[in-house]
Amino acid sequence: ASESGDHDLVIIGGGVAGYVAAIKAGQEGLKTACIEKRGTLGGTCLNVGCIPSKSLLNNSHLYHQILHDTKKRGIEVGDVKLNLTQMMKAKDTSVEGLTKGVEFLLKKNGVDYVKGAGSFVDANTVKVALNDGGEKTLRAKNIIIATGSEATGFPGLNIDEKRIITSTGALALTEVPKKMVVIGGGIIGLEMASVWSRLGAEVTVVEFLGQIGGPGMDAEIAKQAQKILGKQGIKFKTNTKVVSGDDSGSTIALNIEAAKGGKEEVLDADVVLVAIGRRPYTEGLNLEQVGIEKDDRGRLVIDQEYRTKLPHVRVIGDCTFGPMLAHKAEEEAVAAIEYIKTGYGHVNYACIPSVMYTHPEVAWVGQNEAEIKASGVKYRVGTFPFSANSRAKTNLDTEGVVKFIADAETDRILGVHIIGPGAGEMIAEATLAIEYGASSEDIARTCHAHPTLSEAFKEAAMATYSKPIHF
Ligand code: FAD
Ligand code: NAI
């Protein structure tokens, strides 16, 4: 094994958490190495997550709109055809450009990018089984674990990424399935259901709970989302569980029943997408060797400064606590480096936005109504529908609503929940407002350009403490 010189910091994992930490560390003058075994940087997010899914969501939406939503706009189109190979190529091109861009940024910031799988030898030594063969040993003053997460499997269903797939397979199908069943109506399930339904598959989503959208989504907004996605052709079976499956035939037979138990029913599918959540991935790290602990859900245990039992070993991103989101991982990466460098860092976990990139988009930040109710705080709700917003009307894209929830006594904004066009961009304004401790009146008294969708945001704020003008 070849010996490498000492590093101030060794990062295991080159996903969003790991590569952002590496860049920041380089900028701060720390001698840094980043170990990644995938062969490309960017982790789940850039390779098989955020980026490829958004490429397919954008282009499938365009295709669907050209097929179904041009006539009333005065656009007559002829022969519209799907070229799935080209759509996948466009996705791959975006992914490749971005992962190479990250590699360039590591280089620019003087980070050693080590291609291989890292594991602990002792508290300050990491061994890398190099992708090209051989081994390398790195000594480090500080270590960051950023090994991410993986899809949770479904007992009895064998994932082959062709007929029984996770999101990774759903981003790379070579033909549009006739019938697709999605197990789990969370964000992955609904984004992928949208893509394949738009491209022509008959999609049924089976969700165990009474509400779609996964954890965090406001119940009222989730109900609207289900109605709108239902109109687009996606079928939903909520309060339903998959009991077992049989993939021995030409189609896959899934036995389902009411969540509380009852009569079984069989769903046939050409492709089954398992989207019931993700779990931390920490395999092969040899954590036992150094005594780093996991909780009962496999998350690496850390304190408020991301430190494990070994104070110089920190953990960030999907493999520890908190929402599994790329921007959360990124915030933690910067904060972790600041802790190493200065002893101080900060992430406001009460103010992390969530976005579901369906059409319309769903986005939220802060607490939802059920959480606020449960906390006992007295609150006021203000809503404004996009059907009353001039820009949404001119765009012929009026489905959805903005919902504000503010403290009844102080008017401080507690949560904002949006379903509607551009919700994913609009939520940045709500995030800033909550971060700065704004009241709904602060937003309503801030001038918003006309005609924009964000006027719906302003008017929902108005509706919270007073009355909106246009509704
Ligand atoms: P990861 O991105 O998983 O990166 C960890 C990396 O560590 C991997 O590349 C892995 O190969 C590497 N690694 C693991 N073990 C070792 C080892 N021993 N040695 C070397 N390398 C190792 N989030 C959003 O915010 N917005 C979205 O739109 C969004 N869309 C998503 C869509 C899909 C389909 C999926 C699956 C996820 C999506 N996410 C989204 C979630 C997002 O991808 C994750 O939150 C994010 O990637 C977490 O970053 P991470 O660095 O913690 O982990
Ligand atoms: P999730 O936890 O968001 O949703 C899983 C859903 O499956 C839940 O609604 C749950 O009730 C349901 N479920 C669980 N077991 C079931 C069963 N046996 N039968 C039927 N339904 C069942 O997980 P998901 O969608 O897999 O996403 C994983 C992570 O990836 C999330 O944490 C999410 O934040 C992240 N992600 C984020 C995206 C974004 O920000 N746009 C996009 C995609 C993923």
Side-chain angles (χ1 to χ4, degrees), residues 11-21 34-54 56-57 99 114-120 126-129 131 144-152 154-155 166-168 170-171 182-192 205-217 222 237-243 254 256 259 273-286 315-320 322-330 332-333 352-358 361-363 424:
I11 300 165
I12 311 177
V16 180
Y19 92 70
V20 172
C34 181
I35 307 167
E36 170 58 60
K37 66 178 180 178
R38 188 185 294 270
T40 53
L41 291 163
T44 303
C45 178
L46 267 68
N47 292 281
V48 288
C50 327
I51 296 302
S53 62
K54 266 78 260 179
L56 292 183
L57 277 158
T99 55
V114 186
K115 293 184 188 176
S119 62
F120 280 90
V126 176
K127 180 176 78 183
V128 187
N131 288 352
I144 290 181
I145 304 173
T147 48
S149 62
E150 62 178 356
T152 309
F154 193 95
T166 67
S167 52
T168 301
L171 294 168
V182 177
I183 309 179
I187 308 251
I188 292 190
L190 297 178
E191 288 188 351
M192 290 302 108
V205 175
V206 181
E207 168 57 53
F208 185 76
L209 301 175
Q211 171 185 329
I212 61 163
M217 195 181 286
K237 288 195 176 290
T238 50
N239 292 311
T240 305
K241 67 179 173 198
V242 173
V243 183
L254 286 180
I256 59 167
L273 167 61
V274 179
I276 58 171
R278 294 179 64 80
R279 58 181 174 217
Y281 177 82
T282 53
E283 247 168 68
L285 283 172
N286 202 18
V315 188
I316 55 175
D318 279 11
C319 61
T320 186
M324 290 186 175
L325 293 171
H327 41 281
K328 173 264 193 187
E330 208 171 322
E332 290 183 341
I352 292 174
S354 295
V355 182
M356 177 168 88
Y357 298 83
T358 47
E361 291 177 346
V362 177

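Numbering of ligands and ligand atoms starts at 1, following listing order.
- When non-hydrogen atoms are compared, ligand 1 lies under 4.0 Å from the side chain of Ile188 (C-beta onward) but not from its backbone.
- Between Tyr357 and ligand 1 there is a heavy-atom distance shorter than 4.0 Å.
- The nearest non-hydrogen atom to atom 32 (C) of ligand 1, considering only Gly13, Gly49, Ala117, comes from Gly49.
- Listed by atom number, the atoms of ligand 1 under 4.0 Å from Asp318 heavy atoms are 44 (C), 45 (O), 46 (C), 48 (C), 52 (O).
- Nearest non-hydrogen protein atom to atom 33 (C) of ligand 2 is Met324 O, 3.9 Å.
- In summary, the atoms of ligand 1 found under 4.0 Å from a heavy atom of Ile12, numbered by their order in the structure, are 17 (C), 18 (N), 19 (N).
- When each atom of ligand 1 is checked for a heavy atom of Ser149 under 4.0 Å away, the hits are 3 (O).
- Ligand 2 has no N or O atom lying under 3.5 Å from any N or O atom of Val242, backbone or side chain.
- At most 12 heavy atoms of other shown residues, nucleotides or ligands fall within 6.0 angstrom of atom NZ in Lys127.
- The shortest N or O to N or O distance between Glu191 and ligand 1 is not under 3.5 Å.
- Here the heavy atom of the protein found nearest to atom 18 (N) of ligand 1 is Gly118 O, 3.0 Å.
- Heavy atoms of Val355 stay at 4.0 angstrom or farther from ligand 1.
- At least one heavy atom of Lys54 sits under 4.0 Å from some atom of ligand 1.
- No side-chain donor-acceptor contact under 3.5 Å links Thr320 to the backbone of Ile316.
- A heavy-atom distance below 4.5 Å is not found between the side chains of Ile276 and Phe208.
- Backbone and side-chain nitrogen or oxygen atoms of Val355 are examined, and one is located within less than 3.5 angstrom of a nitrogen or oxygen of ligand 2.
- At least one N or O atom of Glu191, backbone or side chain, sits closer than 3.5 Å to an N or O atom of ligand 2.
- No side-chain donor-acceptor contact under 3.5 Å links Lys237 to the backbone of Val205.
- The proximity of Lys328 to ligand 1, defined as any non-hydrogen pair under 4.0 Å, does not occur for either the backbone or the side chain.
- In terms of N/O distances under 3.5 Å, ligand 2 is approached by Gly277.
- Counting atoms of ligand 1 from 1 in the listed order, those under 4.0 Å from a heavy atom of Gly317 are 52 (O).
- Close N/O approach between Phe208 and ligand 2 is found [any backbone or side-chain N/O within under 3.5 Å].
- Note on ligand 2: Pro323 sits outside its first shell, no heavy atom being nearer than 4.0 Å.
- Under the 4.0 angstrom criterion for non-hydrogen atoms, Gly284 is not in contact with ligand 1.
- Set against the non-hydrogen atoms of Cys45, the atoms of ligand 1 under 4.0 Å away are 2 (O), 43 (O), 47 (O).
- Under a 4.0 angstrom heavy-atom cut-off, Gly116 registers as being in contact with ligand 1.
- Atom 31 (C) of ligand 1 has as its closest protein heavy atom Cys50 N, 3.4 Å.
- The distance criterion of under 3.5 Å between nitrogen or oxygen atoms is not met by Arg278 with respect to ligand 1.
- Among all protein heavy atoms, the one lying closest to atom 10 (C) of ligand 2 is Glu207 OE2, 3.5 Å.
- In summary, the atoms of ligand 1 found under 4.0 Å from a heavy atom of Leu285, numbered by their order in the structure, are 18 (N).
- Remark: ligand 1 atoms within the under-4.0 Å shell around heavy atoms of Ser167 are 34 (C), 36 (C).
- Using a 4.0 Å cut-off to heavy atoms of His327, the atoms of ligand 1 that qualify are 25 (O).
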